[in-house]
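If you read the sequence from its start, that first residue is 1, and numbering goes on from there.
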Amino acid sequence: MEALRLILLLIHLVGFALLLGGAVTTLLSGKIRITPTVLWGSIIQLVSGIALSAPLRGGGDNEPDPIKLGVKLLFAVLIFIMVFIPRKRDEVNKGHFIGIVTLTVVNAAVAVFWH
């Protein structure tokens with residue numbers, strides 16, 4: 001079970017790298033649009049995050065706070081919606097894109113700092 005959790009965690013981190021790295025690269029490139037890298041990063045983050053939280057629901061001292069999981073799920077769904085809806089537009093509003101980056105960083109901060 002621990003090996004599965006670690007594999008899911010690795011996949012989750014790869015999704016985070018795709019999402020944040022793709023978003024920052026796009027933001028610095030000048031033409032702000034939803035790239036496939038950002039879209040797939042948000043999908044991987046959402047799916048792997050749900051998969052990571054599912055097997056942890058067995059109880060015990062190392063159990064993550066359900067409120068923390070709910071907050072992270074809320075952020076992940078918001079990020080996915082913000083990425084999915086404008087994905088076919090030629091250009092996305094800079095403020096919208098900065099919101100995606102901000103929510104991604106805040107979601108990571110919740111994971112790191114909320115114990």
Side-chain angles (χ1 to χ4, degrees):
M1 191 64 140
E2 182 65 12
L4 175 62
R5 189 187 73 77
L6 291 174
I7 291 168
L8 286 171
L9 183 59
L10 176 64
I11 292 168
H12 195 63
L13 291 173
V14 168
F16 173 75
L18 287 171
L19 177 60
L20 187 60
V24 170
T25 302
T26 302
L27 192 60
L28 296 175
S29 74
K31 185 173 183 181
I32 301 172
R33 57 185 299 272
I34 303 298
T35 62
T37 306
V38 174
L39 177 62
W40 279 105
S42 70
I43 292 169
I44 292 170
Q45 280 285 104
L46 183 60
V47 172
S48 64
I50 291 170
L52 267 172
S53 66
L56 299 174
R57 306 310 318 149
D61 292 340
N62 293 333
E63 210 44 42
D65 186 3
I67 297 172
K68 173 184 174 180
L69 293 177
V71 168
K72 287 189 57 57
L73 177 64
L74 175 66
F75 284 147
V77 168
L78 286 174
I79 292 166
F80 175 72
I81 290 170
M82 290 176 72
V83 168
F84 189 77
I85 291 175
R87 74 188 183 282
K88 293 186 179 180
R89 293 185 189 154
D90 288 334
E91 199 153 344
V92 179
N93 186 333
K94 187 174 183 178
H96 180 89
F97 212 79
I98 290 173
I100 292 170
V101 172
T102 303
L103 279 177
T104 302
V105 171
V106 168
N107 203 7
V110 168
V112 171
F113 295 114
W114 188 339
H115 292 285

Considering only distance and modelled atom types, tabulate donor-acceptor pairs under 3.5 Å from the side chains of residues 76-101, sequence neighbours left out.
unit_1	atom_1	unit_2	atom_2	d
Arg87	NH1	Phe84	O	2.8
Asn93	OD1	Gly95	N	2.9
His96	NE2	Met82	O	2.8

| query | When clusters are formed by joining ILVMFWY residues with side-chain heavy atoms under 4.5 Å apart, either directly or through shared neighbours, do Ile34 and Val47 land in the same one? | reply | yes
| said: If I compare all heavy atoms of Arg5 with all of Leu52, which pair ends up nearest, and what's the gap? | reply: O-CD2, 3.6 Å
| message | So Val38 and Leu19, do their side chains get closer than 4.5 Å, heavy atoms only? | response | yes
| said: With rounding to the nearest 0.5 angstrom, report the CG to CG distance, Leu8 to Leu13. | reply: 11.0 Å
| Is there side-chain contact between Ile50 and Leu46, with at least one heavy-atom pair below 4.5 Å? | yes
| query | Are Val106 and Leu18 grouped together when hydrophobic residues (ILVMFWY) are joined by side-chain heavy atoms under 4.5 angstrom apart? | reply | no
| said: When you compare the side chain of Trp114 with that of Ile67, does any pair of heavy atoms fall below 4.5 Å? | reply: yes
| Do Leu28 and Val105 belong to the same hydrophobic cluster, where Ile, Leu, Val, Met, Phe, Trp and Tyr are linked whenever their side-chain heavy atoms lie under 4.5 Å apart, directly or via other members? | yes
| remark: The reported gap from CG in Leu9 to CG in Leu6 (rounded to nearest 0.5 angstrom) is 6.5 Å
| message | Do Ile44 and Ile7 land in one hydrophobic cluster if side-chain heavy atoms of ILVMFWY residues count as linked below 4.5 Å? | response | yes
| Taking only residues at least two apart or on different chains, which pairs with a member in residues 32-48 satisfy side-chain hydrogen bond (donor to acceptor under 3.5 Å, both in side chains)? | His12-Ser48
| field | Linked, directly or transitively: Ile43 and Leu103 (ILVMFWY side chains, under 4.5 Å) | value | yes
